[in-house]
Amino acid sequence: MIRAHVDRRLVFFAIFIAIFVVVVDSSSLGVVGAPMIPAMFVFGDSLVDNGNNNYLSSIAKANYMPYGVDFNGWPTGRFSNGRTIVDILAEKLGIPYVPSYADPSTRGARILGGVNYASAAAGILDETGQHYGERYSLSQQVLNFESTLDQLRSQMGAGRNLTQYLARSIAVLVFGSNDYINNYLMPSLYPSSYNYSPQDFANLLLNHYARQILALYSVGLRKFLLAGIGPLGCIPNQRATGPPGRCVNNVNEILGTYNVGLRSLVDQLNSNHPGSIFVYANTYGAFGDILNNPAIYGFSVIDRGCCGLRSQEEITCLPLSVPCVNRNQYVFWDAFHPTQAVNAILAQRVWVGPPSDCYPINMQQMALI
């Protein structure tokens, strides 16, 4: 098991989340009130991909049932049964779900509320996930954002201030998981584990990450949410490689240097860039609380995906397979990704959590700046 501190406040928090999951309608378009920010720009991997890989030559796709079974009843390209974390955060911010960059209809006025560039199998390193086929790596996603800026300039015209618009918008970045499970932990396909110690590999990732974050800063973004990596040793894909009934501890351990380093990078960026705010989301700690105390959150199954047979725990959902009925009781939707119920908990902790969840401030506080 992974270790995570839990106190009585968690019980009350979990009760609130249980109510939250029940009352939110997954058919919402994301607008729940007056917009708190002009736009949200999303960069990342399959945890937040909302359909970009539908348009790429990739085997990492979720454009078939049962993906999306709880998202208006059809697949969209989201790697979940329902909404992703960024969908739920969009609802809280009072903005529509941001469209996927690769969708041909993501043009004109549709881009004014933000764009999602996330791509399944993508990593911080360009080579990460290449065995899946095409994907938008971090560096390519940054280039895609820069192409959006050209459209924004023409769409907004001379009467609107692009600099102010970008400064008030929020960039959400969710990277790193694939650099481990689809790179470092696959020595037969990638030489990284032979060439780098866990600490050196984490430093390599953070150096690449910092350069791309600063590239986004250089073109005008000023508010950044940087998500840490969750306990990958506990996802069904990795559990299938270890002792039955246990997380793969050595996988979780090698993530420590990266997560600690990302939090330190946030401190450094905040110190060196006054007038901006960089926030670290402690995904590892939040997910760890759920896995260590599932009953508090209403979960009863933590070691396998809702979608897929026990003999197929290392893969994503098979087309037209029948998922479990009690989806809100499962932590994992498939071998890699959380259910909508877990996404709701993680989003809430990012939104209003204390510094142990979201450092140095939470997303709601960042939106109000």
Side-chain angles (χ1 to χ4, degrees), residues 39-63 76-79 84-86 97-107 110-111 113-153 166 169-184 186 189-192 201-202 204-221 224-227 229 258 262 265 269 278 336-337:
M40 178 169 64
F41 296 98
V42 179
F43 307 83
D45 53 32
S46 59
L47 292 170
V48 287
D49 184 352
N50 67 344
N52 280 303
N53 274 36
N54 293 353
Y55 302 91
L56 300 178
S57 178
S58 169
I59 60 174
K61 293 180 186 288
N63 58 346
T76 62
R78 290 166 169 82
F79 286 75
T84 67
I85 294 173
V86 291
Y97 298 157
V98 294
S100 54
Y101 170 81
D103 187 332
S105 68
T106 304
R107 298 292 182 270
R110 286 200 74 202
I111 69 174
V115 177
N116 186 320
Y117 306 91
S119 178
I124 294 171
L125 302 179
D126 288 342
E127 66 269 22
T128 288
Q130 63 187 359
H131 59 288
Y132 283 104
E134 290 183 338
R135 68 251 171 265
Y136 295 142
S137 64
L138 168 59
S139 61
Q140 184 60 54
Q141 291 182 39
V142 172
L143 292 175
N144 292 346
F145 172 72
E146 292 174 355
S147 72
T148 298
L149 287 182
D150 293 334
Q151 296 180 55
L152 282 170
R153 290 186 186 98
L166 292 174
S169 298
I170 292 179
V172 177
L173 291 91
V174 181
F175 280 101
S177 295
N178 283 315
D179 292 291
Y180 285 94
I181 59 177
N182 286 310
N183 187 329
Y184 195 74
M186 299 185 78
L189 295 179
Y190 299 90
S192 54
F201 187 69
L204 174 72
L205 295 180
L206 292 167
N207 287 334
H208 277 262
Y209 207 1
R211 285 197 293 272
Q212 298 301 329
I213 292 168
L214 290 175
L216 293 173
Y217 172 87
S218 71
V219 293
L221 291 172
F224 296 83
L225 176 73
L226 309 176
I229 302 176
Y258 175 87
L262 184 58
L265 177 61
L269 291 169
F278 299 83
F336 301 90
H337 307 98

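S137 and D126 share a donor-acceptor pair across their side chains, judged by distance under 3.5 Å alone. D179 and T128 are linked by a side-chain donor-acceptor pair at a separation below 3.5 angstrom, with hydrogens and angles left out of the test. Side-chain contact, N53 with S119: a donor N or O sits under 3.5 Å from an acceptor N or O.
By the 4.5 Å heavy-atom criterion applied to side chains, V86 and M40 are counted as neighbours. Between L149 and V219 there is a side-chain heavy-atom pair separated by less than 4.5 Å. Between T84 and Y97 the shortest side-chain heavy-atom distance does not fall below 4.5 Å.
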Carefully, step by step, assess R110 and D103 under the rule side chain to side chain contact (heavy atoms under 4.5 Å, CB included). CA-CA 11 Å; R110 286 200 74 202; D103 187 332; 4.1 Å; yes
Output, in order, the C-alpha distance, side-chain angles, deciding distance and verdict of side chain to side chain contact (heavy atoms under 4.5 Å, CB included) for L262 and F175. CA-CA 11 Å; L262 184 58; F175 280 101; over 6 Å; no
Step by step, would you call V174 with I85 a side chain to side chain contact (heavy atoms under 4.5 Å, CB included)? CA-CA 10 Å; V174 181; I85 294 173; over 6 Å; no
Taking it one step at a time, do D45 and F336 satisfy side chain to side chain contact (heavy atoms under 4.5 Å, CB included)? CA-CA 12 Å; D45 53 32; F336 301 90; over 6 Å; no
Report the C-alpha separation of Y55 and S100 in whole Å, then their side-chain angles, then the decisive distance to 0.1 Å, and conclude whether the side-chain hydrogen bond (donor to acceptor under 3.5 Å, both in side chains) test is met. CA-CA 10 Å; Y55 302 91; S100 54; 5.3 Å; no
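Atoms OH and CG, on Y117 and N50 in that order, are 11.5 Å from each other to the nearest 0.5 Å. Distance CG/L125 to OH/Y184: 12.0 Å, rounded to 0.5 Å. One finds the CG atom of L221 at 12.0 Å from the CG atom of L214 (value rounded to the nearest 0.5 Å). Put simply, NE2 on H208 and CG on L204 are 4.5 Å apart, with the number rounded to the nearest 0.5 Å. Interatomic distance, CD of Q141 versus CG of N116, reported as 8.0 Å (0.5 Å rounding). In this structure, T76 OG1 and N54 CG are separated by 7.5 Å, a value rounded to the nearest 0.5 Å.
Smallest separation of non-hydrogen atoms from E134 and S58: O-CB, 3.2 Å. Nearest heavy-atom pair across R135 and A121 is CD-O, 4.1 Å. Considering every non-hydrogen atom in both G114 and P99, the closest pair reads O-CD, 3.3 Å. The heavy-atom pair separating N183 from S192 by the smallest distance is OD1-OG, 2.6 Å. The two residues V42 and V98 make their nearest non-hydrogen contact at CG2-CG2, 4.0 Å. Between N52 and Y101 the shortest heavy-atom distance is OD1-N, 3.0 Å.
Panel note: side chain K61, backbone A120; no donor-acceptor pair is recorded below 3.5 Å. Remark: the backbone N or O of N144 is paired with a side-chain donor or acceptor of T148 at under 3.5 angstrom.
Relative ring orientation between Y258 and Y180 is described as perpendicular, the plane-to-plane angle rising above 60° on a 0-90° scale split at 30° and 60°.
Aromatic pair F224/Y217: centroids not less than 6.0 angstrom apart. Less than 6.0 angstrom separates the ring centroid of F145 from the ring centroid of F41.
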